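Heads up, the thing below is written out as structure tokens.
Along the sequence shown, the residues carry numbers beginning at 1. Note that the coordinates shown come from a computational prediction; the quantities given were computed from them, not determined experimentally.
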Amino acid sequence: MASILIKDTTRQQREQIVAESIGNISGSCDGCMSGLADMYQDYIDGKKEIREINMEFRAHYESGVDGPEKADCGYKM
């Protein structure tokens, strides 16, 4: 497998990598695919690696499920 790092690819190659990874951007869906293409524009432009973009996306993802509430340790003084 060839490297997909910015330093090892041209802009045209990065565009192709994103297009092949996402699939048919112009396909009939609810508009989600064009948002994915926009998400990877910094990679195409050579500003951020795919890994960085994916990590940022995961960091901002919210499941909608509240986490456990913090409870005291049970020790009373």
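- Checked against side-chain contact (heavy atoms from CB on, under 4.5 Å), R11 has the following partners two or more places apart in sequence or in another chain: R14, E15, Q41, I44, D45.
- Looking at residues two or more places apart in sequence or on another chain, you find a side-chain hydrogen bond (donor to acceptor under 3.5 Å, both in side chains) between Q13 and T10.
- With sequence neighbours left out, the side-chain hydrogen bond (donor to acceptor under 3.5 Å, both in side chains) criterion links Q12 to no other residue.
- Evaluation of the side-chain contact (heavy atoms from CB on, under 4.5 Å) rule for I4 yields I17, Y43, I50 as partners, not counting sequence neighbours.
- Between T9 and S3, the shortest heavy-atom contact is CG2-O, 3.6 Å.
- Listed by chain and number, the residues in a side-chain hydrogen bond (donor to acceptor under 3.5 Å, both in side chains) with E52 amount to none (sequence neighbours excluded).
- Rounding to the nearest 0.5 Å gives a distance of 10.5 Å between NZ of K48 and CE of M39.
- Under the 4.5 Å side-chain heavy-atom criterion for ILVMFWY residues, a single connected hydrophobic cluster contains both V18 and F57.
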